[in-house]
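For the single chain, residues carry numbers from 1 onward in sequence order. As a basis for the values below, the full set of heavy atoms in this structure was taken, side chains included, without hydrogen atoms, waters or symmetry mates. Since this is a predicted model, take the numbers as computed values, not measurements.
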Amino acid sequence: MNYECKIQKKNAILFFFISICLAILIFLLANAIQILEYAKIDEKQEADTAIVLGAGVWKDMPSPVFRERIRHGIWLYQNGYVDTLILTGGYSSGNSESDAQIAKNYSIRQGVPATDILIEEDSSITQENLYYAKRIMEELHLKNALIVSDPLHMKRAI
């Protein structure tokens, strides 16, 4: 094989590698733009309840992501958009309280009456959060809900 063939082969491999990297970068950028655009949509309206999707806890406190979701649910409650909160999340490894119970404790400390907080403790993934929250809604004859999450998670959750 002569020198020119070796260079052409190396250039082809390099071109292929750069093309793959560029395609991945374009895909990630397009996905990020879609998430950001979706996050700008404001769909708040009056509803019977807000379903706050779980996001884990750190010992006896909501994780920072979960705390912000809970805070948004509390804001919806305090501003009259919803009458109740459904806080979701099962038992994290090593915890004696469910993620939902820890979220309830946090919400009560923020001024939400315990009577207006419902908890769903059986889930471990987003689909289960919604499934079990829907069952609670059906039992209590709640007709509609706002789903509360964060921008990175909301598009997937919906």
What is the minimum heavy-atom distance between [X] and [Y], and which atoms define it?
X      : Y      : answer
Leu146 : Ala47  : CG-CB, 3.9 Å
Gly54  : Arg69  : O-NH1, 2.7 Å
Ala50  : Val148 : CB-CG2, 4.1 Å
Ala103 : Ile70  : CB-CD1, 3.4 Å

Donor-acceptor check, side chain of [X] to backbone of [Y], threshold 3.5 angstrom: yes or no?
X      : Y      : result
Ser107 : Val112 : no
Asp48  : Lys143 : yes
Ser63  : Gly56  : yes

Is [X] linked to [Y] within one hydrophobic cluster, defined over Ile, Leu, Val, Met, Phe, Trp and Tyr using a side-chain heavy-atom separation of less than 4.5 Å?
X      : Y      : answer
Ile136 : Leu130 : yes
Trp75  : Phe66  : yes
Val52  : Tyr81  : yes

[X] versus [Y]: any side-chain heavy-atom pair under 4.5 Å?
X      : Y      : answer
Leu142 : Leu118 : yes
Thr49  : Met137 : yes
Glu97  : Asn105 : yes
Leu53  : Thr126 : yes

Nearest-0.5 Å distance, [atom1] of residue [X] to [atom2] of residue [Y]:
X     : Y     : atom1 : atom2 : answer
Glu46 : Asn79 : CD    : CG    : 11.0 Å
His72 : Leu85 : NE2   : CG    : 11.0 Å
Tyr77 : Thr84 : OH    : OG1   : 9.0 Å

Exercise. How would you list all residue pairs meeting salt bridge (Lys or Arg N to Asp or Glu O under 4.0 Å) that involve residues 102-122, not counting sequence neighbours?
Worked result: none
Exercise. Can Glu138 and Arg135 be counted as an ion pair, charged N to O under 4.0 angstrom?
Worked result: no
For this session: For Thr88 and Ile51, run side chain to side chain contact (heavy atoms under 4.5 Å, CB included): C-alpha distance rounded to whole Å, both residues' side-chain angles, the deciding distance at 0.1 Å, then the answer.
Result: CA-CA 7 Å; Thr88 66; Ile51 300 170; 3.9 Å; yes
Linking Ile, Leu, Val, Met, Phe, Trp and Tyr through side-chain heavy atoms less than 4.5 Å apart, which residues share a cluster with [X]?
X      : result
Tyr91  : none
Tyr131 : Tyr132
Ile26  : Leu22
Ile24  : Phe16, Ile20, Phe27, Leu28

Problem set entry | With Trp58 via ring-ring contact (aromatic ring centres under 6.0 Å, His included) - residues at least two apart | none
Problem set entry | Residue Arg71 excluded, over 12 heavy atoms near CZ under 6.0 Å | no
